Amino acid sequence: MEVRVRYAPSPTGLQHIGGVRTALYNYFFAKANGGKFILRVEDTDRERYSDESLQDLYDTLDWLGIEWDEGPVVGGPFGPYIQSERFELYRKYAEQLVKDGKAYYCYCSPERLEKVRQEQIASKSEYQGYDRHCANLTDEERAEYERQGIKPVIRLRVPTEGSTTFHDVLMGDITRRNRDVSPDPILLKSDGFPTYHLANVIDDHLMGVTHIMRAQEWIPSGPLHILLYKAFGWEPPVYCHLPMVMGKDGQKLSKRHGSTSVRDFRTKGYLPEAIINYVTLVGWSLDGSTEIFSKQELEKCFRMENIHKKPGIFDYKKLDWFNGYYIRACEDERLASLMTPYLQEAGFISKEPSEDEKALVMKLVGPCKERMKVVSDVVELSRFLFEDKPVEDVGVYVAKGSDEESTFKALERGSKILISGLEAGKEEQEIEEELVALSKELGIKVNGVFQPIRVGLTNSTVSLPLFDSIRLLGMDETKRRLGRAIGILEAIHG
RNA sequence: GUCUCCUUCGUCUAGUGGUUAGGACAUAGGGUUUUCAUCCCUACAACGCGGGUUCGAUCCCCGCAGGAGAUGCCA
């Protein structure tokens, strides 16, 4: 039997880490088993739906390189794959259930339901949920409600006796007494749209879904779904409930923990490889020691059995580590093009970069590569090139173990060695050795010579390596800034 | 309140009826280095608690505690 899985998000917000991981697991499971990965849009909540969310869904999957075999845009044999376009279908099935006596019309107002709920809470009633007020209306009562123009909902008749069990690949058998299953949940809302439970079961069945991998928060409604499959006389699929992704405090990951939308991470300069690799590892592992996985590898080695039961806490620092790793592994050309938008945003280079600017960005890649956690770090690393704010504070030029006098000499003589050396076409290593010799002569540490030069050139004690900085600045600018730095130290010395 | 699920270093995890309980991130220290970073080395650090079963339990069983989720005309 062919494996068919689906990712079925609701476009009511930006795609977040938890959702994307569900998508990834489904996608990898399909690939590893030569199956099909289906994308289905569950847009039955008309209140919260937004076009932006739908677009974000497509953009995010696109960016991650997750292609769906069937779904919106690409189509497929069981379409449409957007639930709002399947509107009529759900009503038909719901009404069939009513005809079969497995569901019924309910005319209760939201206000009444709320009142019932409040009373149950207030009385600490053991029984919580709908009181089945409309479960056995007579034809006359129904007709009266209809006359009043009340739009009914359709509720499932949940048995009050017995229990329902379903099997979960990870959890084993999960059993719930029927009296503990949500009493008579709504299947079709008064606006004619189905609820999640109805639409989900119908579509999974009609689309031939064989395995359902979804978040653990759905476990409690598992029995309800089984009841629905039974009511329709359908065979339920294999279930596998995924551990949730939590924040530092052990609560469901949310915005107060930091970024949660993939768009946020993308904007900050995270690479899709890093997101895929790390997110997959929260709740899944191959062998406990392999950490680096490419998407292609995961498409081969992903096993459902290796998914964990325990919810995982999302560790931003470990993500950073992965991202740094992937930045270092990134091709120069690609990294340059990833860096470009940040440099443009900062106003460092133009929207239509000239050939010179492009060449400069390429030169920036090497020195920045080892130093970025996220691509946006390039802005701070390269700021000295585009914004020249000389350091006026003499103390900054003085390295640890040196003093103002030695620093001045080191800068003055070091600059000469540097410039004449470069102009004579000497090897950098040779120049470096001469600078080291100078430090010895002055009786200061090596950095006592390099620091004032670096501060003079990059306006900061923390900078890219000296010779890289010079290459980026160019000879003329190097001379200018060195001359100016000498001036600053000289002036203060009188 | 009721129901369901979960429990190995701070975090992600490996693992076994007898192991020095392994790896990675983080943290701390050190080395390489012109700063930063990279890279390398070292250290720190865990089987939730209580009962069983057993010659022996982190591992098997039962309680407990703690955590999470669900309990919507949201998914």
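Being a predicted model, the structure only gives us computed values, none of them experimental. Lettering of chains follows the sequences in order, A, B, ..., and the numbering in each one begins at 1.
- Residues that satisfy the side chain to side chain contact (heavy atoms under 4.5 Å, CB included) test with I150(A), not counting sequence neighbours, are Y107(A), Y145(A), Q148(A).
- Atom NZ of K295(A) has more than 12 heavy atoms from other residues, nucleotides or ligands within 6.0 Å.
- Listed by chain and number, the residues in a side chain to side chain donor-acceptor pair (under 3.5 Å) with R334(A) are E273(A) (sequence neighbours excluded).
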Between the protein and nucleotides 70-75 of chain B, list the N/O to N/O atom pairs that are separated by less than 3.5 angstrom.
from, atom 1, to, atom 2, distance (Å)
C73(B), O2, S190(A), N, 2.8
C73(B), O2, S190(A), OG, 2.8
C73(B), N3, S190(A), OG, 3.0
C73(B), N4, C108(A), O, 3.1
C74(B), OP2, K189(A), NZ, 2.6
C74(B), O2', D45(A), OD2, 2.7
C74(B), O2', R48(A), NH2, 2.9
C74(B), O2, R48(A), NH2, 3.3
A75(B), OP1, T44(A), OG1, 3.0
A75(B), OP1, K189(A), NZ, 2.6
A75(B), OP2, Y196(A), N, 3.2
A75(B), O3', E42(A), OE1, 3.2

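- A28(B) is paired with U42(B) under the Watson-Crick or G-U wobble criterion, all donor-acceptor distances under 3.5 Å.
- With sequence neighbours excluded, the residues satisfying side chain to side chain contact (heavy atoms under 4.5 Å, CB included) with A336(A) are V361(A), M362(A), V365(A).
- Scanning for side chain to side chain donor-acceptor pair (under 3.5 Å) contacts around D203(A) gives Q83(A), R86(A), Y90(A), with sequence neighbours left out.
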### Task
Indicate for each nucleotide in nucleotides 14-28 of chain B, in 5' to 3' sequence, whether protein heavy atoms under 4.0 Å reach the base (B), only the sugar-phosphate (S), or nothing (-).
S-------BBBSS--
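- Within the structure, the salt bridge (Lys or Arg N to Asp or Glu O under 4.0 Å) test picks out the following pairs touching residues 240-253 of chain A (sequence neighbours left out): E217(A)-K252(A), D249(A)-R256(A).
- Taking the ring pair (Phe, Tyr, Trp, His ring centres under 6.0 Å) definition, one finds that F386(A) meets it with F348(A), sequence neighbours left out.
- When the side chain to side chain contact (heavy atoms under 4.5 Å, CB included) test is applied to S84(A), the partners found at least two apart in sequence or on another chain are D43(A), R46(A), I82(A), F193(A).
- The base-pairing partner of G69(B), taking Watson-Crick or G-U wobble contacts with both distances under 3.5 Å, is C3(B).
- With sequence neighbours left out, K151(A) forms a side chain to side chain donor-acceptor pair (under 3.5 Å) with no residue at all.
- Across all strands shown, G56(B) forms no Watson-Crick or G-U wobble pair with both key distances under 3.5 Å.
- The phosphate of A68(B) has OP1 or OP2 within less than 4.0 Å of a side-chain N or O from Q251(A).
- Residue pairs meeting the side chain to side chain donor-acceptor pair (under 3.5 Å) criterion with at least one member in residues 169-181 of chain A, sequence neighbours excluded: T164(A)-N178(A), T165(A)-T175(A), H167(A)-D173(A), R177(A)-D180(A).
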Shorter than 3.5 Å, N or O on both sides, protein versus nucleotides 43-48 of chain B: list them out with atom names.
none

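- Base pairing annotation: G48(B) forms a Watson-Crick or G-U wobble pair with C64(B), both donor-acceptor distances under 3.5 Å.
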